[in-house]
Amino acid sequence: MAVPEVIPIAYEPHGRTEAIGRYADGQFIGSVTYAFPKGFELEAGWEDHKRLYSVLHTFDADGRYRDSEIWCAGTWAEQQRAPHGPDSVLARARAHLATLLRSLPRRTYTDIAIRPFQLTVDSVLFGLLTGEDEGEPWAELYPDHLGFGAPWDGTYDT
């Protein structure tokens, strides 16, 4: 079975796909996720290179990519220095995503189906990429590392 043209992603309350759904102009997927820049080799000082992003991708009703709002809240090192409270990197990223989500008119959280897309911001790959490994088709949401595959029912693997 080949990768479908439009890939379903199941809404999972309190899970990694809790910020997906439909709004007046189409579909959306949001997340708060850590990421390293492309080609980064894990070495001493990695904490300053691991960045936390709030991400909102929008799509039309047919799942075609429209736009992204990607904002870096800070680094893992910053989060470790001040892990709690409203000024922590994680709290700032979550608050920013909540603001972005509130801006979507007539937002409802539900399953979506989107087409593959990709973009690079701050040398970090974002998107839904597809491929085949040992004859098995796959799709993966980056940088979240959510993997999708047969039976293509929208469930993910990490």
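Start at 1 with the first residue, then count along the sequence. All values derive from a computational prediction rather than experimental measurement. FYI, side chains are in, hydrogens and waters are out, and symmetry mates aren't considered; it's all heavy atoms of this structure.
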Q: Would the distance check show the side chain of Thr17 and the main-chain N or O of Glu12 forming a donor-acceptor pair, the cut-off being under 3.5 Å?
A: yes
Q: Hey, can you tell me if Phe59 and Phe117 have their rings parallel, tilted or perpendicular (30° and 60° cut-offs)?
A: perpendicular
Q: Test your reading of the model: is there a side-chain donor-acceptor pair from Arg107 to the backbone of Leu101, 3.5 Å cut-off?
A: yes
Q: Mind checking ring pair (Phe, Tyr, Trp, His ring centres under 6.0 Å) for Phe40 and listing every partner two or more places apart, or none if nothing turns up?
A: Phe36, His49
Q: List in chain and number order the residues that pass salt bridge (Lys or Arg N to Asp or Glu O under 4.0 Å) with Asp25, two or more places apart in sequence or in another chain; answer none if no residue qualifies.
A: none
Q: Among all residues two or more places apart in sequence or in another chain, which pass the salt bridge (Lys or Arg N to Asp or Glu O under 4.0 Å) test with Arg115?
A: Glu5
Q: According to salt bridge (charged side-chain N to carboxylate O under 4.0 Å, His left out), does anything in residues 55-68 pair up with another residue at least two apart or in another chain? List the pairs.
A: Asp60-Arg64, Asp62-Arg64
Q: Can you sort out the partners of Phe148 under ring pair (Phe, Tyr, Trp, His ring centres under 6.0 Å), two or more places apart, ordered by chain and number?
A: none
Q: Just verifying a value: how many Å separate Ile70 CD1 and Leu56 CG, rounded to the nearest 0.5 Å?
A: 9.5 Å
Q: Please tell me if the side chains of Tyr156 and Leu141 come closer than 4.5 Å, counting only heavy atoms from C-beta onward.
A: no
Q: Which atom names give the shortest non-hydrogen contact between Ile112 and Gly21, and what distance separates them?
A: CG2-O, 3.2 Å
Q: Can you list everything that forms a ring pair (Phe, Tyr, Trp, His ring centres under 6.0 Å) with Tyr142? Sequence neighbours excluded, please.
A: His145
Q: According to ring pair (Phe, Tyr, Trp, His ring centres under 6.0 Å), does anything in residues 91-114 pair up with another residue at least two apart or in another chain? List the pairs.
A: Phe28-Tyr109, Trp71-His96
Q: Between Ile7 and Trp152, does a side chain to side chain contact (heavy atoms under 4.5 Å, CB included) hold up when you go through it step by step?
A: CA-CA 7 Å; Ile7 299 161; Trp152 302 103; 4.2 Å; yes
Q: Which distance, rounded to the nearest 0.5 Å, do you find between the OH of Tyr11 and the OG1 of Thr108?
A: 9.5 Å
Q: List the residues meeting side chain to side chain contact (heavy atoms under 4.5 Å, CB included) with Arg106, not counting sequence neighbours, and say none if there are none.
A: Ala24
Q: Please find the pair of heavy atoms, one from Leu97 and one from Val55, that lie closest to each other, and give the distance.
A: CD1-O, 3.5 Å
Q: For the side chain of Gln27 and the backbone of Arg22, is there at least one donor-acceptor N/O pair under 3.5 Å apart?
A: no
Q: Taking all non-hydrogen atoms of both residues, which atom of Pro137 and which atom of Val3 are closest, and how far apart?
A: CB-CG2, 3.4 Å
Q: Residues in side chain to side chain donor-acceptor pair (under 3.5 Å) with Arg94, at least two apart?
A: none
Q: Taking all non-hydrogen atoms of both residues into account, name the closest pair between Ala91 and Gly85 and its distance.
A: CB-O, 3.3 Å
Q: Can you pull the salt bridge (charged side-chain N to carboxylate O under 4.0 Å, His left out) pairs that have at least one residue in residues 139-151, sequence neighbours excluded?
A: none
Q: Going by the side-chain hydrogen bond (donor to acceptor under 3.5 Å, both in side chains) test, which pairs reach into residues 33-42, not counting sequence neighbours?
A: Lys38-Thr120
Q: Say you draw a straight line from CD1 of Ile9 to CG of Asp153; how long is it, rounded to the nearest 0.5 Å?
A: 12.0 Å
Q: Which pairs would a plain distance check flag for residues 121-134, meaning a side-chain donor or acceptor within less than 3.5 Å of a matching protein atom at least two apart in sequence or in another chain?
A:
{"unit_1": "Asp122", "atom_1": "OD2", "unit_2": "Tyr53", "atom_2": "OH", "d": "3.1"}

Q: Identify the two heavy atoms, one from Ala82 and one from Ser88, that lie closest to each other, and give their separation to 0.1 Å.
A: O-CB, 3.2 Å
Q: Are His57 and Leu119 packed together at the side-chain level, in the sense that at least one heavy-atom pair is separated by less than 4.5 angstrom?
A: yes
Q: Check whether any side-chain N or O of Arg51 sits under 3.5 Å from a backbone N or O of Ala35 as a donor-acceptor pair, and report yes or no.
A: no
Q: Test side chain to side chain contact (heavy atoms under 4.5 Å, CB included) on Thr158 and Leu146; report intermediate values, then the result.
A: CA-CA 5 Å; Thr158 55; Leu146 299 182; 3.7 Å; yes
Q: Look up atom OG in Ser54 and atom CZ in Arg92, then write down how far apart they are to the nearest 0.5 Å.
A: 10.5 Å
